[in-house]
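All heavy atoms count here, side chains included; hydrogens, waters and symmetry mates do not.
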Amino acid sequence: MLTPKDYPVHGIDVARYQGDIDWKVAARSGVAFAWIKATEGGDHLDKKFYDNWYGAKEAGVPRGAYHFYYFCRTPEEQAAWFIANVPYDPDALPMVLDMEWNNHSKTCTRIPKPDVVRKEMVTFLEIMEGYYGKRPVIYTDYNFHTDNLEGVFNGHHFWLRSIPRHPSERFPGRRWTFWQYTAQGNVDGIKGHVDRNTFVGSWEDWKKFLKGDF
C-alpha cells in the first residue's frame, strides 16, 4: 500500500491555531501548497486568515481558502459571508468546502438527513463556482462521507482526511485528489504541529492542476 512518502507534492492546511507563520521559511522547507481557513458559518472569520492569505502568496506558495460548513445557517448566507471576506484572486487554488459533523458545537445541534445535506451543498458549491470561476474542492472525513457522500459529487475533486490509513482503504471507490495524512506534522516556519497533506499525482500533474487541467 502506498504511503505519503510515495507522493512527491506535499502541503499544509492552517488556521489561527498555528499562530504566526513564516511563510518564506515554510516555502523553502518544501511546502508546495496551503489551504487556509477563512470562514465558518455566516459570521465567523478566522483571525489569522488575511495574514496567511497574503503571507503565503508573497512567499510564492499556491494557496486556497476553506469554509467550515455550519448546519444552522442557510447555504446562501454562508456563501455570502465567504464572498464578503475572501478576495477574488484568479491565481488562488479553488476554494474548499469543509464538510464534517461538528458534534461539539454548542450553538448548533442540527443533523440534517443526507438528501438535505446534499441539496445544501449543491447550492453552496454552485454559488462559489459562479463567483470564483473554479469548481470547489470538497473536504471530508470518514464518518461524514459514509453518512452523506458515497457515490455523489463525482465531478468535484475530493480532499480526504484519512489518518493513518491510505484513502483507498477507508474510502473505497472514491476518486481523491488530496490526502490529509497527519495532524502531527512539523514544518519549518511553523511552531507546533500542523496538518500535512499530499497531492495524488506527480509534479507534472500538479502543474496541470494549477492550470485547471487535471
Side-chain angles (χ1 to χ4, degrees), residues 13 15 35-46 49 64-86 88 92-181 183 195 197-201 209 212-214:
D13 61 275
W35 302 112
I36 299 169
K37 183 170 184 180
T39 54
E40 183 172 337
D43 58 6
H44 176 76
L45 174 68
D46 189 276
F49 171 66
Y66 75 86
H67 174 80
F68 188 90
Y69 199 80
Y70 181 73
F71 293 101
C72 292
R73 289 270 196 165
T74 69
E76 292 87 353
E77 287 178 302
Q78 298 189 62
W81 179 246
F82 186 91
I83 289 170
N85 287 283
V86 178
Y88 172 81
L93 300 178
M95 71 85 56
V96 173
L97 175 58
D98 182 342
M99 297 299 298
E100 50 190 305
W101 296 126
N102 186 3
N103 299 322
H104 304 293
S105 176
K106 298 178 180 179
T107 58
C108 182
T109 58
R110 177 178 178 248
I111 303 178
K113 293 184 180 300
D115 60 330
V116 175
V117 168
R118 293 191 286 265
K119 183 178 179 180
E120 292 187 11
M121 287 178 65
V122 167
T123 298
F124 184 93
L125 292 166
E126 288 182 346
I127 296 172
M128 291 294 101
E129 186 171 357
Y131 183 83
Y132 291 101
K134 296 179 181 181
R135 178 160 291 185
V137 173
I138 298 172
Y139 170 93
T140 194
D141 60 13
Y142 174 79
N143 289 331
F144 193 90
H145 186 272
T146 300
D147 290 343
N148 301 284
L149 299 178
E150 289 186 351
V152 296
F153 294 105
N154 294 322
H156 287 262
H157 290 289
F158 269 74
W159 170 19
L160 302 176
R161 175 181 173 85
S162 189
I163 301 172
R165 295 159 62 190
H166 191 273
S168 63
E169 294 185 69
R170 304 198 74 201
F171 301 83
R174 168 57 70 190
R175 180 177 177 272
W176 60 275
T177 307
F178 295 93
W179 170 21
Q180 187 182 78
Y181 59 84
D195 294 337
N197 305 272
T198 187
F199 173 70
V200 69
F209 181 86
D213 296 330
F214 182 80

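Contact between W176 and T198 at its shortest, heavy atoms only, is CZ3-O, 4.3 Å. Between A65 and F82, the shortest heavy-atom distance links the atoms CB-CZ, 3.8 Å. Contact between I163 and A183 at its shortest, heavy atoms only, is CD1-N, 3.8 Å. Looking at every heavy atom in both residues, Q180 comes nearest to D195 through NE2-OD2, 3.4 Å. Across all non-hydrogen atoms, the minimal contact from Y66 to A15 is OH-CB, 4.2 Å. Across G41 and H67, no two heavy atoms sit closer than the pair O-CE1, 3.0 Å.
The line from CG of L93 to CD1 of I36 is 9.0 Å long, rounded to the nearest 0.5 Å. Atom CD of residue E126 and atom CE of residue M121 lie 11.5 Å apart, to the nearest 0.5 angstrom. Annotation: the span from F153 atom CZ to M99 atom CE amounts to 8.0 Å, rounded to 0.5 Å. Atom CG in L45 sits 11.0 Å away from atom CD in E40 (nearest 0.5 Å). The structure places NE2 of H166 at 12.5 Å from OH of Y181, a figure rounded to the nearest 0.5 Å. For the atom pair I138 CD1 and L160 CG, the distance stands at 10.0 Å (nearest 0.5 Å).
Aromatic pair Y69/F144: centroids not less than 6.0 angstrom apart. Between F178 and F158, the distance from one ring center to the other does not fall under 6.0 angstrom. Taking the centre of each ring, F68 and H44 stay at or above the 6.0 Å mark.
Although no hydrogens or angles enter the test, the distance criterion places a donor-acceptor pair under 3.5 Å between the side chain of R174 and the main chain of L149. Side-chain atoms of W179 come within 3.5 Å of backbone N or O of S162 as a donor-acceptor pair. No side-chain donor-acceptor contact under 3.5 Å links R175 to the backbone of N154. Not a single donor-acceptor pair under 3.5 Å links the side chain of R170 to the backbone N or O of Y142. A donor-acceptor pair under 3.5 Å is formed between the side chain of Q78 and the backbone N or O of Y70. Judged by distance alone, with hydrogens and angles left aside, the side-chain atoms of R110 form a donor-acceptor pair with the main-chain N or O of F71 at under 3.5 Å.
Between I83 and Y88, every side-chain heavy-atom pair lies at or beyond the 4.5 Å cut-off. You'll find the side chain of W35 reaches within 4.5 Å of the side chain of W159, heavy atoms only. At a threshold of 4.5 Å between non-hydrogen side-chain atoms, the residues E120 and F124 do not count as touching. Residues L97 and H156 form no side-chain contact, since every pair of their non-hydrogen atoms from C-beta on lies 4.5 Å or further apart. Between N85 and F49, every side-chain heavy-atom pair lies at or beyond the 4.5 Å cut-off. Counting heavy atoms from C-beta outward, T123 and T74 have side chains that stay 4.5 Å or more apart. Annotation: side chain of V152 is in contact with side chain of R118 (closest heavy-atom distance under 4.5 Å). Put simply, the side chain of P136 reaches to within 4.5 Å of the side chain of E129, judged on heavy atoms.
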Please test D13 against Y139 for side chain to side chain contact (heavy atoms under 4.5 Å, CB included), starting from the C-alpha separation and ending with a verdict. CA-CA 11 Å; D13 61 275; Y139 170 93; 5.9 Å; no
Full working for side chain to side chain contact (heavy atoms under 4.5 Å, CB included) between H157 and F209: CA-CA 10 Å; H157 290 289; F209 181 86; 3.8 Å; yes
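Between K37 and D98 there is no salt bridge, since no side-chain nitrogen of the basic residue lies less than 4.0 Å from a carboxylate oxygen of the acidic one.
Of the candidates T140, N143, D147, D147 is the only one forming a side-chain hydrogen bond (donor to acceptor under 3.5 Å, both in side chains) with W101.
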